[in-house]
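This report refers to the structure that appears directly beneath it.
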Protein chains: 2
Amino acid sequence: MAEPHRQSDYHHGDLRSALIDAAIDLVQEEGVGALSLRQVARRAHVSHSAPYHHFRGKADLLAEVAAAGFDRLVQTIEAEFQKYAADDHLGRLVAVGAGYLSFALQNPSLFRLMFRPEMTSPGDHPGVRAAESRAFATLQDTLVACQLHGNVSSDSVLSMCMSCWATMHGLCMLWIDQVVDETPLRDVPFDGLAQEVQERLVASLTLKMAKAP
Amino acid sequence: MAEPHRQSDYHHGDLRSALIDAAIDLVQEEGVGALSLRQVARRAHVSHSAPYHHFRGKADLLAEVAAAGFDRLVQTIEAEFQKYAADDHLGRLVAVGAGYLSFALQNPSLFRLMFRPEMTSPGDHPGVRAAESRAFATLQDTLVACQLHGNVSSDSVLSMCMSCWATMHGLCMLWIDQVVDETPLRDVPFDGLAQEVQERLVASLTLKMAKAP
DNA sequence: GCCAGAATCTTGACACTGCCCAGATGAGCT
DNA sequence: AGCTCATCTGGGCAGTGTCAAGATTCTGGC
């Protein structure tokens with residue numbers, strides 16, 4: 001039951017990650033809006049200004065939470081990815097999308113936080129940048145592999161990345177923000193809807209786009 | 001310079017919409033996070049608790065702002081829509097997407113607020129629901145017209161709505177939240193990227209999806 | 001072993017926020 | 001006229017993010 005080395009109330013070993021964990025829990029339980037630095041500190045059984053010795057402020061803590069979220073996102077995607085054979089490139093492409101969607105549905109609050117720049121100021125936070133780039137690279141690499149083996153058209157890979165990412169990201173956002181609940185789409189089973197959208201997306205990647213004359 | 005009928009400090013005529021306007025300005029200038037009810041009141045030259053006679057609380061005011069945003073979104077879309085002839089159904093479909101994108105790029109903070117349910121609690125706000133439904137109906141009607149005239153496949157219209165909406169919504173979100181800035185996509189001109197994504201989307205709507213056996 | 005300096009944590013404070021209350025003010029109806 | 005009620009004010013409460021000063025513990029060099 002004892003922590004690795006819990007000497008006393010002071011210096012309890014690893015307050016930094018304890019705070020991040022507490023913040024992740026709070027975000028998932030109550031959402032980003034209901035999260036306060038003081039409550040995080042309370043959860044870690046620590047005074048209200050102890051976090052300032054590990055983070056520059058609230059935004060900095062939230063950025064760390066976002067970075068952890070991106071790491072988990074990559075893990076989820078790669079877990080889905082590994083279910084397909086190395087030569088099933090289209091299957092792996094679908095898996096990347098499915099992993100993205102699955103993560104968003106299972107961690108809606110965390111997912112929202114990860115894409116909220118005004119809360120996390122990611123521009124000056126290298127951890128978030130790195131985690132984001134890693135997630136994007138997974139998609140890009142998969143698409144490149146598809147193209148090398150003739151599974152998708154020879155269009156610009158970046159352009160196709162944008163199509164894939166935008167479609168899946170929009171699907172996640174509209175669903176977890178419950179926007180579709182205000183439309184006729186609310187009566188359509190979401191799983192089937194998501195699958196059709198993804199199938200249409202994959203089909204569109206096989207089309208050679210007409211170049212401007 | 002005088003208001004329509006500014007009798008005195010009390011009952012200055014139309015405080016309700018003055019507060020909404022002030023809130024819209026503040027959202028666009030400083031973002032949703034930096035908006036406080038007291039600051040809105042200050043902008044309207046009114047005491048800090050005057051807003052409570054017109055709104056149930058902060059969330060209620062923000063919901064009103066979101067509703068106003070949806071109205072403007074519909075206006076932007078319809079303005080774009082009218083540029084195309086009544087029988088150019090595919091052109092009008094593209095116009096709906098272009099209007100959506102254009103509104104998001106020109107009103108990023110407002111756009112973000114509109115799709116933030118934890119701030120606006122739209123579930124119990126009929127104004128937001130109505131405005132949202134109206135925006136969706138524009139897309140749905142356009143797609144139905146396309147289908148009637150054979151411009152898109154005979155697949156489920158709702159499914160195609162979801163593809164269109166998700167793709168354009170994701171494009172908007174990823175761009176205005178500056179997520180693409182952390183990826184190789186940052187070096188690609190956005191206009192061309194958006195156009196290619198939209199072209200691929202439209203092309204995919206003409207494909208007949210394979211039914212599950 | 002021991003002690004100075006650095007790291008960590010606490011307490012206290014300030015300005016700000018959302019929300020609620022009692023009271024002041026004026027508009028509109030009878 | 002007078003009365004009623006919606007509107008607006010000011011003060012107050014609990015909670016927040018952030019900072020400064022002091023207390024406590026760890027660490028490296030002797």
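All of these numbers come straight from a predicted model, not from anything done at the bench. Both backbone and side-chain heavy atoms feed into the values below; hydrogens, waters and symmetry mates do not.
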Worksheet item: Which pairs count as ring pair (Phe, Tyr, Trp, His ring centres under 6.0 Å) when at least one residue sits in residues 177-196 of chain B, sequence neighbours excluded?
Response: B:W175-B:F190
Item to complete: Using a strict 4.0 Å threshold on nitrogen-to-oxygen distance, state whether B:D71 and B:R134 make a salt bridge.
Response: yes
Discussion item. For a quick check, tell me whether the side chain of A:S49 and the base of D:dT18 share a donor-acceptor pair closer than 3.5 Å.
Written reply: no
Item to complete: Give the rounded distance in Å between these two atoms: CD of B:Q39 and C1' of C:dT17.
Response: 11 Å
Worksheet, complete the sentence: Taken to the nearest whole Å, CG/B:L26 to C1'/C:dT17 is 15 Å
Worksheet item: When the distance from NZ of B:K58 to C1' of C:dC19 is rounded to whole Å, what number comes out?
Response: 12 Å
Item to complete: Determine the contact category for A:R42: base if any of its heavy atoms lies under 4.0 Å from a base atom, sugar-phosphate if only primed atoms, P, OP1 or OP2 are that close, otherwise nothing.
Response: sugar-phosphate
Discussion item. Between C1' on C:dT8 and CZ on A:F55, what's the gap in Å once rounded to a whole number?
Written reply: 14 Å
Worksheet item: What nucleic acid atoms does A:S36 come within less than 4.0 Å of, heavy atoms only: base, sugar-phosphate, or nothing?
Response: sugar-phosphate
Practice prompt. Indicate, yes or no, whether a donor-acceptor pair under 3.5 Å links the base of D:dG17 to the side chain of A:R38.
Written response: yes
Practice prompt. Look at all strands and tell whether B:H54 reaches a base, only sugar-phosphate, or nothing, counting heavy atoms closer than 4.0 Å.
Written response: sugar-phosphate
Practice prompt. For B:H48 and C:dC16, give me the distance from atom NE2 to atom C1', rounded to whole Å.
Written response: 13 Å
Discussion item. How many whole angstroms separate atom NE2 of A:H53 from atom C1' of D:dT18?
Written reply: 12 Å
Item to complete: Assign the ring pair B:F115 / B:Y100 to parallel, tilted or perpendicular, where the plane angle (0 to 90°) is split at 30° and 60°.
Response: tilted
Worksheet item: Which whole-number value in Å describes the distance from A:R56 CZ to D:dC19 C1'?
Response: 16 Å
Discussion item. If I take atom OH in residue B:Y52 and atom C1' in nucleotide D:dG12, what distance separates them, rounded to the nearest angstrom?
Written reply: 13 Å
Discussion item. Which residues pass the ring-ring contact (aromatic ring centres under 6.0 Å, His included) test with B:H89, not counting sequence neighbours?
Written reply: B:H149
